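Let me begin by presenting the structure, written as structure tokens, before commenting on it.
Numbering of residues begins at 1 and proceeds along the displayed sequence. A quick note: this is a predicted structure, and the numbers were derived from the prediction, not measured.
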Amino acid sequence: MTSGRMGQTFPTLLTRRSVLAGSGACGLMAAARRARAEGVSALTIADVGAEPSAAMRRAFYEPFEKETGIRVIAVPHAADPVTQFRLMVETRSYIWDLCMLNTEHVARLQHDGRYFEPLHLTPADTADLLPGMFSDVWLGFSVYAVMMAWQTASFPKGGPSSWPEFWDVGRFPGRRSLCRSPAATLELALLADGVPPDRLYPLDVDRAFSSLARLRDHVAIWWSSGAQNTLLLESDEVDLSDTWSSRAQAAVSAGAPVTLVWNGLYVTDGWCIPTGCPRAGIARAFVRYCARADRQAEYARHIANGPTNRRAFSYLAPERAAVLPTAPENFKGLTKFDAAWWGENTGWVAERFEEFMLE
């Protein structure tokens, strides 16, 4: 019996896992040989750029290049890559072989048509993944939280620990900030209005906007990018805000005296291959490579996003695991963002949100 750093025990698993790891390595090399025989020397991957891309370079891209001899070229996609992805497939102009998409992006594309190659994942590939972190066309490898943060100095006796308290401007006065996007913001408004997390969906949009209207006059800044959110947390422009977990951790790492509250939603980023991609074979091998526990742990060392492979925590020091969304203590306070609902309703809800912002 072997224990991981987080206290997990793997009674008979390590021997079996080592066998699977060996067979996975053989499969990776076989895929690389086939790709090189077909004249493939590089794989182009669209990701979100900036710090996450740098972390992926160290955890996935460079080690994959070293193991396979296939060069990885990373390019940033648009903030919302759905239109780019759709046009690429429809015109069969494959400027990417693989794209980083979150669950909402996937849901929107699946709502419109057939845009994804199957991944052909095996039970061995997914045995240790958290529930809901893969499908036949998508594999999640990075989880972030939509959560709460507040300036510690602004609340010396303790700040809000729930969204009803965040909305309680009498008990917790201060300058607030919220994300200028309906996705996730409406969910937080409903949580603030007393909707239980397990009954959020389908969203009661009217109730959500009524809840937002009660807080609107107390929102000093509607932030629109992760970089802006980090800067707000590092400054004294606002006292409390919603935030993305990796952005909040970046602020804390920079020395911001901020308290984080693991109460909110979680969203997962993953990989998809466009339908008809001529390099789909080696792209599938890369996706399987990113499911590995050791690779996901390395990614989590460089950016505070949670691994989807449970065994990744056995490679991480406890103090690092404690700041990740999928660590058990943090994950239990988060509710899954329903991408399928947003895939069907994004258009009209986004229009209504913009009207709300202009009122």
Practice prompt. Compare all side-chain heavy atoms of Arg71 with those of Ser41 and state whether any distance is below 4.5 angstrom.
Written response: no
Discussion item. Check whether Asp242 reaches the backbone of Cys179 with its side chain - one donor and one acceptor, N or O, closer than 3.5 Å.
Written reply: yes
Worksheet item: Without hydrogens or angle criteria, can the side chains of Trp342 and Asn345 be said to hold a donor-acceptor pair below 3.5 Å?
Response: no
Discussion item. Taking Arg284 first and then Glu117, would you say they form a salt bridge - that is, a charged N and a carboxylate O separated by under 4.0 Å?
Written reply: yes
Worksheet item: Do the ring planes of Phe155 and Trp150 sit parallel (below 30°), tilted (30 to 60°) or perpendicular (above 60°)?
Response: perpendicular
Fill in: Check: Ala327 main-chain N/O paired with Asn330 side-chain donor or acceptor under 3.5 Å
no
Worksheet entry | Donor-acceptor contact present, side-chain Gln151 to main-chain Leu233, <3.5 Å | yes
Item to complete: Report the C-alpha distance between Val258 and Leu260 in whole Å, list the side-chain angles of each, state the deciding distance to 0.1 Å, and finish with yes or no for side-chain contact (heavy atoms from CB on, under 4.5 Å).
Response: CA-CA 6 Å; Val258 173; Leu260 307 183; 3.7 Å; yes
Discussion item. Do Met147 and Trp244 have side chains that approach each other closer than 4.5 Å (heavy atoms only, starting at C-beta)?
Written reply: no
Worksheet entry | Any Ser154 side-chain heavy atom under 4.5 Å of Leu240 side chain | no
Item to complete: Using a strict 4.0 Å threshold on nitrogen-to-oxygen distance, state whether Arg108 and Glu104 make a salt bridge.
Response: yes
Discussion item. Does Leu212 form a side-chain contact (heavy atoms from CB on, under 4.5 Å) with Leu178? I'd like the steps, not just the answer.
Written reply: CA-CA 10 Å; Leu212 269 184; Leu178 282 176; 4.0 Å; yes
Discussion item. Taking the ring of Phe286 and the ring of Trp271, is the distance between their centroids below 6.0 Å?
Written reply: yes
Worksheet item: Which is it for Ser241 and Trp223 under the side-chain contact (heavy atoms from CB on, under 4.5 Å) test, yes or no, and what are the steps along the way?
Response: CA-CA 9 Å; Ser241 179; Trp223 59 272; 3.6 Å; yes
Item to complete: Grab the two heavy atoms, one from Val143 and one from Thr268, that are nearest each other, plus how far apart they are.
Response: CG2-OG1, 3.7 Å
Discussion item. Let me confirm one number: the CE-CD distance from Met29 to Glu67, rounded to the nearest 0.5 Å.
Written reply: 8.0 Å
Discussion item. Starting from Val146, can I reach Leu200 by hopping between I/L/V/M/F/W/Y residues whose side chains sit under 4.5 Å apart?
Written reply: yes
Discussion item. Applying a strict under-4.5 Å side-chain criterion to I, L, V, M, F, W and Y, I'd like to know whether Ile282 and Met88 cluster together.
Written reply: no
Practice prompt. Name the orientation class of the two ring planes belonging to Phe337 and Tyr201 (parallel below 30°, tilted from 30 to 60°, perpendicular beyond 60°).
Written response: perpendicular
Practice prompt. State whether the side chain of Thr185 and the backbone N or O of Ser181 hold a donor-acceptor pair below 3.5 Å, judged by distance alone.
Written response: yes
Discussion item. Is there a path of hydrophobic side-chain contacts, each under 4.5 Å between heavy atoms of I/L/V/M/F/W/Y residues, joining Ile273 to Leu28?
Written reply: yes
Discussion item. Regarding Trp167 and Ser211, do their side chains bring together a donor and an acceptor under 3.5 Å, going by distance alone?
Written reply: yes
Worksheet entry | Nearest-0.5 Å distance that lies between atom CG in Asp168 and atom CH2 in Trp163 | 14.0 Å
Worksheet item: Considering all heavy atoms of both residues, which atom of Asn309 and which atom of Ala293 are nearest to each other, and what is their separation?
Response: ND2-N, 3.4 Å
Worksheet, complete the sentence: Rounding to 0.5 Å, atoms CG (Leu43) and OH (Tyr61) come to a distance of 9.5 Å
Fill in: Note, Leu191 side chain near Pro197 side chain (heavy atom, < 4.5 Å)
yes
Worksheet item: Is Glu65 salt-bridged to Arg57, cutoff N-O under 4.0 Å?
Response: yes
Fill in: Considering all heavy atoms, the nearest Gln110-Val137 contact
NE2-CG2, 3.4 Å
Discussion item. Do Phe209 and Leu188 sit in one hydrophobic cluster, given that two such residues count as connected whenever their side-chain heavy atoms are within less than 4.5 Å of each other, even indirectly?
Written reply: yes
Item to complete: Determine yes or no for a side-chain-to-main-chain donor-acceptor pair under 3.5 angstrom, with Ser93 supplying the side chain and Val89 the backbone.
Response: no
Fill in: Ring centres under 6.0 angstrom apart (Tyr289, Phe60)
no
Item to complete: Take Val195 and Asp204 through the side-chain contact (heavy atoms from CB on, under 4.5 Å) test and state the conclusion after the steps.
Response: CA-CA 10 Å; Val195 176; Asp204 185 334; over 6 Å; no
Item to complete: For residues Ser162 and Asn263, report the shortest heavy-atom separation together with the two atoms involved.
Response: CA-ND2, 3.9 Å
Could you go through residues 349-359 and list every donor-acceptor pair under 3.5 Å that involves a side-chain atom there, pairing it with any protein atom two or more places apart or in another chain?
{"residue": "Arg352", "atom": "NH1", "partner": "Asp206", "partner atom": "OD1", "Å": "2.7"}
{"residue": "Arg352", "atom": "NH2", "partner": "Asp206", "partner atom": "OD1", "Å": "3.2"}
{"residue": "Glu354", "atom": "OE1", "partner": "Arg180", "partner atom": "NH2", "Å": "3.2"}

Worksheet item: So does Arg279 pair up with Asp97, basic N to acidic O under 4.0 Å?
Response: yes
Discussion item. Under the criterion salt bridge (charged side-chain N to carboxylate O under 4.0 Å, His left out), I'd like the reasoning laid out for Asp193 against Arg214: C-alpha separation, chi angles, the key distance, then a yes or no.
Written reply: CA-CA 10 Å; Asp193 203 44; Arg214 290 195 298 275; 2.5 Å; yes
Worksheet item: Is it the case that Arg176 places NZ or CZ above or below the six-membered ring of Phe166, under 6.0 angstrom from the centre and within 45 degrees of the axis?
Response: yes
Worksheet, complete the sentence: Rounding to 0.5 Å, atoms CD (Gln249) and OG1 (Thr230) come to a distance of 10.5 Å
Practice prompt. Say whether, by atom type as modelled, one donor and one acceptor occur between the side chain of His105 and the main chain of Asn102 under 3.5 angstrom.
Written response: yes
Worksheet item: Between Ser245 and Pro325, what is the shortest heavy-atom contact and its length?
Response: OG-CG, 3.5 Å
Worksheet item: Is there side-chain contact between Leu101 and Phe116, with at least one heavy-atom pair below 4.5 Å?
Response: yes
Discussion item. Would the distance check show the side chain of Tyr144 and the main-chain N or O of Ala304 forming a donor-acceptor pair, the cut-off being under 3.5 Å?
Written reply: no
Discussion item. In the structure I gave you, are the side-chain heavy atoms of Asn305 and Phe141 within less than 4.5 Å of one another anywhere?
Written reply: no
Discussion item. Rounded to the nearest 0.5 Å, what separates atom CZ in Arg310 from atom CD in Gln296?
Written reply: 11.5 Å
Practice prompt. For Thr308 and Gly140, indicate whether the former's side chain and the latter's backbone hold a donor-acceptor pair under 3.5 Å.
Written response: yes
Discussion item. Please check if the number of heavy atoms outside Glu51 that lie under 6.0 Å from its CD is greater than 12.
Written reply: no
Item to complete: Mark yes or no for whether Gln84, through its side chain, and His77, through its backbone, hold a donor-acceptor pair below 3.5 Å.
Response: no
Discussion item. One thing to verify: whether Arg301 and Glu298 come together as a salt bridge, which I'm taking to mean a side-chain N less than 4.0 angstrom from a carboxylate O.
Written reply: yes
Discussion item. I'd like to know if Glu165 pairs up with Arg171 as an ion pair, taking the criterion as any Lys NZ or Arg NE/NH1/NH2 lying under 4.0 Å from an Asp or Glu carboxylate oxygen.
Written reply: yes
Discussion item. Would you say that Ile45 contacts Trp96 through its side chain, given a criterion of any heavy-atom pair below 4.5 Å between the two side chains?
Written reply: no
Discussion item. Donor-acceptor pair, distance only, cut-off 3.5 Å: does the side chain of Arg247 make one with the backbone of Leu231?
Written reply: no
Worksheet item: With a 4.5 Å limit on heavy-atom distance, are the side chains of Val75 and Ile95 in contact?
Response: no
Worksheet, complete the sentence: In short, Tyr315 meets Ala297 closest at the heavy-atom pair CB-CB, 3.5 Å
Worksheet item: Hey, any chance Leu119 and Phe85 share a hydrophobic cluster, counting ILVMFWY side chains that come within less than 4.5 Å of each other, even indirectly?
Response: no
Practice prompt. Inspect the surroundings of CZ in Arg58 and state if more than 12 heavy atoms from other residues, nucleotides or ligands are less than 6.0 Å away.
Written response: no
